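Just below is one structure, and these are the notes that go with it.
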Protein chains: 2
Amino acid sequence: MVKQNPEGNPHTPDKTQDWNGLRMTKQRRVVYDILLESTDHPTAQDVFLQTTKRMPGISLATVYNCLEALVGHELVRQVNFDREPSRYCPNLSEHGHFHDVKTGRIHDVTFKDGAKLTDFLNLPEGTEISDLEITLRGTLPS
Amino acid sequence: MVKQNPEGNPHTPDKTQDWNGLRMTKQRRVVYDILLESTDHPTAQDVFLQTTKRMPGISLATVYNCLEALVGHELVRQVNFDREPSRYCPNLSEHGHFHDVKTGRIHDVTFKDGAKLTDFLNLPEGTEISDLEITLRGTLPS
DNA sequence: AACTAGAATTAGAATTATTCTAATTAAACT
DNA sequence: AGTTTAATTAGAATAATTCTAATTCTAGTT
């Protein structure tokens with residue numbers, strides 16, 4: 001349960017919440033909210049279009065800055081498909097991405113319980129993995 | 001065994017070889033050779049620098065065109081790490097990539113024999129996978 | 001409540017990998 | 001040899017992202 005902000009004004013950032021050490025400014029909050037509400041792995045442009053509705057006058061540079069800050073503090077993940085614009089994902093649990101070429105949509109793909117990467121890949125003993133990215137392209141059953 | 005070109009001139013493209021339907025021009029051959037000899041997943045720039053040594057006057061646009069043609073005919077793979085410049089890989093067997101953050105080098109990672117992706121990922125029955133990309137970042141044991 | 005120092009935001013310029021364009025050259029096919 | 005088609009080329013264009021320098025905001029302090 002998140003502690004409530006005494007003023008109760010939804011537009012005033014809650015100073016009691018710990019955002020992994022990130023100062024939650026108005027702009028960052030809006031960007032973050034939009035990502036939390038999103039289901040479609042939006043690009044920076046997509047996010048910018050949404051933020052503009054709630055906060056006219058926000059600049060694209062700020063959206064990029066906010067996204068970078070959120071990624072840096074591990075509140076969202078940045079996902080890249082080939083050379084397409086980066087997409088952003090509020091799902092922090094370990095997962096991969098499936099790019100449906102029929103619909104163009106991107107779906108999260110969870111790992112099976114107990115699945116160990118070392119059962120799958122030939123990695124030297126003692127390899128330290130800091131980041132894992134699994135991307136699939138194809139079509140889902142219709 | 002590849003059929004020999006009757007002239008025996010190493011610079012004359014061998015017209016009898018099947019390159020997955022790709023016409024093997026002088027430029028494409030040089031770019032392809034450089035990739036086959038490479039072990040370090042070069043970028044288009046890297047390849048361009050090498051080609052210039054063997055074929056001064058080749059243009060960067062041509063290198064890009066050649067790489068695109070080679071990728072399109074599945075003679076090489078294009079590999080992307082985040083938003084970095086694309087890299088090219090002559091290894092066509094199914095494999096992933098390990099980005100060693102200490103050295104900056106990229107290593108191929110093979111899959112264990114008999115490892116099935118469906119043992120690892122929660123995918124709907126009947127999903128058709130046309131392309132799979134696995135990228136790891138971390139450090140190798142020293 | 002004003003003061004200050006540091007951080008965040010902003011508009012617009014700059015960067016950079018890549019793609020496009022239009023002209024030239026080379027190859028393949030009568 | 002002549003024609004057609006494809007490949008190469010130089011340079012311009014594009015587009016996502018980052019940078020710059022100025023302004024504004026915030027948090028902490030008086």
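Letters A, B, ... mirror the listed sequences (proteins, then strands); counts begin at 1. Being a predicted model, the structure only gives us computed values, none of them experimental.
Regarding contacts with the backbone of C/dA8, every side-chain N or O of A/Thr25 stays at 4.0 angstrom or more from both OP1 and OP2. Contact annotation: B/Tyr64 side-chain N/O to C/dT18 OP1/OP2 distance is under 4.0 Å. Under 4.0 angstrom from either OP1 or OP2 of D/dA16 there lies no side-chain N or O belonging to B/Arg83. Between A/Gln27 and C/dT10 there is a side-chain polar atom (N or O) within less than 4.0 angstrom of OP1 or OP2. In this model, the phosphate group of D/dT8 is not approached by any side-chain N or O of B/Ser59 to a distance below 4.0 Å at OP1 or OP2. Remark: A/Ser86 is not in phosphate contact with D/dA16, judged by side-chain N or O atoms under 4.0 Å from OP1 or OP2.
Between the CD atom of A/Glu84 and the P atom of C/dT19 there is a distance of 12 Å, given to the nearest Å. Counting to the nearest Å, the P atom of D/dT26 and the CZ atom of A/Arg29 are 14 Å from each other. For A/Ile58 and D/dT24, the CD1 to P distance is 17 Å, given to the nearest whole Å. The CH2 atom of A/Trp19 sits 16 Å away from the P atom of C/dA8 (whole-angstrom rounding). Rounded to an integer number of Å, the gap from B/Phe48 CZ to D/dA10 P is 8 Å. Following rounding to the nearest Å, B/Met55 (CE) and D/dT9 (P) show an atom-to-atom distance of 7 Å. Between A/Gln45 atom CD and D/dT17 atom P the separation is 9 Å, expressed in whole Å. The separation between A/Arg87 atom CZ and D/dT17 atom P is 10 Å, rounded to whole Å.
The aromatic rings of A/Phe120 and B/Phe111 are tilted relative to each other, their planes meeting at an angle between 30° and 60°.
In the set C/dA11, D/dT9, D/dT17, D/dT17 carries the atom at the smallest distance from any side-chain atom of A/Leu60. The side chain of A/Lys26 approaches D/dT26 more closely than any other nucleotide in the set C/dT18, D/dT26, C/dT10. In this structure, of D/dT9, C/dT9, D/dA16, it is D/dA16 that holds the atom nearest to the side chain of A/Pro85. If you check C/dA11, C/dT9, D/dT8 against the side chain of B/Cys66, the one that comes closest is D/dT8.
One finds no salt bridge joining B/Arg137 and B/Asp100 here, because no Lys/Arg side-chain nitrogen approaches an Asp/Glu carboxylate oxygen to under 4.0 Å.
Using a 4.0 Å heavy-atom criterion, one finds that A/Thr43 contacts no nucleic acid atom at all.
Judged by distance alone, the side chains of A/Asp131 and B/His99 never bring a donor and an acceptor atom under 3.5 Å apart. For the residue pair A/His41/A/Asp108, the side-chain donor-acceptor check at 3.5 Å is satisfied.
The number of heavy atoms from other shown groups lying within 6.0 Å of CD (B/Glu84) is above 12.
Remark on DNA chain D: of its neighbouring residues A/Asn80 and A/Arg23, the 5'-side contact belongs to A/Asn80, judged by nearest-heavy-atom nucleotide.
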